[in-house]
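Letters go in sequence order (proteins before strands), and every chain restarts at 1. When reading the values below, keep in mind they use all heavy atoms of this one structure, side chains included, and skip hydrogens, waters and symmetry mates.
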There are 2 protein chains.
Amino acid sequence: MTLALDPRDIRILQILSSEGRLSKSELARRVNLSPSPCWERIKRLEKAGLIKAYRAEVDLARLSAHVVIFVVVELESHRAESFRVFEEAVTKYPEIIECWAIGGGVDYLMQVVTGDINSYQRMIDELLESSVGLKRYFTYIVTKKVKSEPPALDLLLKPQID
Amino acid sequence: MTLALDPRDIRILQILSSEGRLSKSELARRVNLSPSPCWERIKRLEKAGLIKAYRAEVDLARLSAHVVIFVVVELESHRAESFRVFEEAVTKYPEIIECWAIGGGVDYLMQVVTGDINSYQRMIDELLESSVGLKRYFTYIVTKKVKSEPPALDLLLKPQID
DNA sequence: CTTGAAACAAAAGAGAA
DNA sequence: TTCTCTTTTGTTTCAAG
């Protein structure tokens with residue numbers, strides 16, 4: 001199922017991705033629509049799964065001391081079963097907030113958030129001892145977040161349009 | 001300014017970080033409060049900057065073909081000025097959606113989203129030619145997103161509580 | 001797409017536990 | 001204080017044109 005999206009839909013998605021709690025009437029104003037058609041577009045986007053969720057972005061820095069760590073992981077074996085086992089383990093650790101399978105000689109990149117380095121090391125040790133197929137890992141500790149913003153949807157779609 | 005947060009505040013933050021558009025009355029029900037005190041807590045959390053923003057999470061995969069790429073970057077020089085120059089360049093590229101300064105022998109990790117590999121390479125070439133101090137870079141192409149979820153706030157706060 | 005009406009939520013205040 | 005209850009205003013949702 002393919003959904004026809006016009007520039008207004010893209011703009012709605014773009015606005016909601018930085019102001020997710022904007023009222024539907026204000027959103028309608030911003031895209032030059034009256035509330036009803038705008039409401040129908042939003043519902044359409046939600047039902048089609050283009051809007052996966054709405055989330056509050058919590059400022060962890062103000063909430064508590066913590067560390068953010070990226071871990072590049074290489075597995076011992078590259079059989080399908082090994083990937084499955086590792087990925088299942090990953091889902092079980094709440095400290096691992098993101099994980100991507102990647103190419104380039106290594107297998108996974110994970111983003112980990114814990115209270116301190118010790119709890120990170122404890123988690124890694126546990127992973128190593130739990131025969132989950134972890135062969136090597138490399139730790140990058142985040143010292144500063146330089147940038148974070150949602151993708152520019154119009155820019156991403158331009159190549160398709162012309 | 002330090003804000004006293006009780007377990008109910010944490011629960012509110014946790015719920016909103018996965019259901020950002022939940023009505024305040026429903027949220028009140030979930031944390032066993034009536035709407036007014038709950039409303040005041042939310043306002044308090046927003047004003048204190050603990051809730052930085054509300055965002056719709058857009059499913060890029062359903063929106064358009066694209067590639068997600070992680071880039072590990074090493075700079076030529078480690079003078080403060082060099083970092084400043086590079087970070088300023090990073091903010092100018094909308095394709096770079098996240099960037100972290102990291103320890104571990106390299107300097108930055110960036111997450112890039114573009115329409116295809118070619119536009120990624122064009123961006124890198126531009127960065128290399130624009131004397132922004134980029135010495136070496138390593139490209140990890142994402143083949144699959146394994147996991148993505150907001151941090152478990154209660155877990156992160158436990159070490160502070162006991 | 002517009003109008004418009006009924007249901008619902010947000011915001012702020014008065015006062016009780 | 002901190003919550004409950006009430007009121008006003010504005011928003012959401014949807015039917016009908």
Side-chain angles (χ1 to χ4, degrees), chain A residues 1-60 62-64 150 153-154 157 160-161, chain B residues 1-59 62-64 150 153-154 156-158 160-162:
Chain A
M1 166 224 177
T2 311
L3 204 61
L5 297 179
D6 67 14
R8 224 184 228 137
D9 291 307
I10 304 304
R11 208 161 132 58
I12 288 173
L13 290 173
Q14 190 81 66
I15 291 171
L16 287 178
S17 60
S18 58
E19 293 167 81
R21 215 150 170 164
L22 202 64
S23 82
K24 294 186 173 58
S25 38
E26 172 59 19
L27 181 57
R29 252 165 264 146
R30 298 227 198 144
V31 297
N32 297 311
L33 278 177
S34 45
S36 300
C38 184
W39 182 80
E40 273 157 29
R41 278 166 188 261
I42 296 164
K43 279 297 145 207
R44 191 166 133 265
L45 295 170
E46 287 171 353
K47 276 177 193 149
L50 272 154
I51 296 173
K52 277 200 281 194
Y54 294 92
R55 302 187 179 289
E57 193 185 332
V58 172
D59 190 342
L60 276 192
R62 292 186 198 220
L63 188 63
S64 84
L153 304 180
D154 50 351
L157 286 167
Q160 287 193 315
I161 289 163
Chain B
M1 167 222 177
T2 311
L3 203 62
L5 297 178
D6 66 14
R8 223 182 228 138
D9 291 308
I10 304 304
R11 188 111 200 292
I12 289 173
L13 290 172
Q14 190 81 67
I15 291 171
L16 287 178
S17 59
S18 57
E19 293 167 81
R21 217 154 166 158
L22 203 63
S23 82
K24 294 185 172 57
S25 38
E26 172 58 20
L27 182 58
R29 249 166 268 144
R30 298 227 198 144
V31 297
N32 296 311
L33 276 179
S34 46
S36 297
C38 185
W39 183 81
E40 273 158 28
R41 277 167 188 260
I42 295 164
K43 280 295 146 211
R44 193 165 131 263
L45 295 170
E46 288 171 353
K47 276 177 194 149
L50 271 154
I51 296 174
K52 276 200 281 196
Y54 294 93
R55 304 189 177 287
E57 193 185 332
V58 172
D59 190 343
R62 290 185 198 220
L63 188 63
S64 83
L153 303 180
D154 50 350
L156 212 69
L157 285 168
K158 235 169 234 161
Q160 287 193 317
I161 288 161
D162 60 16

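Separating the NZ atom of B:K43 from the P atom of C:dA12 is a distance of 8 Å, rounded to the nearest angstrom. Protein atom CD of B:E19 is 17 Å distant from nucleotide atom C1' of C:dA9, rounded to whole Å. We find that NZ of A:K24 is positioned 5 Å from P of D:dT12, with the value rounded to whole Å. Between the CD atom of B:E26 and the C1' atom of C:dA10 there is a distance of 15 Å, given to the nearest Å. Summarising the geometry, the separation between CD1 on B:I42 and P on C:dA12 is reported as 13 Å, rounded to the nearest angstrom. When rounded to the nearest whole Å, the span between OH of A:Y54 and C1' of C:dA9 equals 16 Å. Between the C1' atom of C:dC8 and the CG atom of B:L22 lies a distance of 14 Å, rounded to the nearest Å. Going from atom CD of B:E40 over to atom P of C:dA12 covers 10 Å, rounded to whole Å.
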Task: salt bridge (Lys or Arg N to Asp or Glu O under 4.0 Å) between B:K43 and B:E40, worked out - done: CA-CA 5 Å; B:K43 280 295 146 211; B:E40 273 158 28; over 6 Å; no

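Contact annotation: the side chain of B:N32 approaches that of B:R8 to within less than 4.5 Å [non-hydrogen atoms, C-beta and beyond]. For the pair A:L45/A:L5, a side-chain contact is recorded, criterion being any heavy-atom separation below 4.5 Å from C-beta on.
Annotation: side chain to side chain donor-acceptor pair (under 3.5 Å) contacts of B:R55 (sequence neighbours excluded): A:E57.
A donor-acceptor contact under 3.5 Å is formed by the side chain of B:S36 with the base of D:dC5.
Dashed line: the shortest gap from a side-chain N or O of B:W39 to OP1 or OP2 of C:dA11 is under 4.0 Å.
Listed nucleotides: C:dA10, D:dT11, C:dC1. Nearest to the side chain of A:L33: C:dC1. When distances are taken from the side chain of A:R29 to each of D:dT11, D:dC3, C:dA10, the shortest belongs to D:dT11.
Annotation: of the two residues near DNA chain D, B:R8 and B:R21, the 5′-most nearest-nucleotide partner is B:R8.
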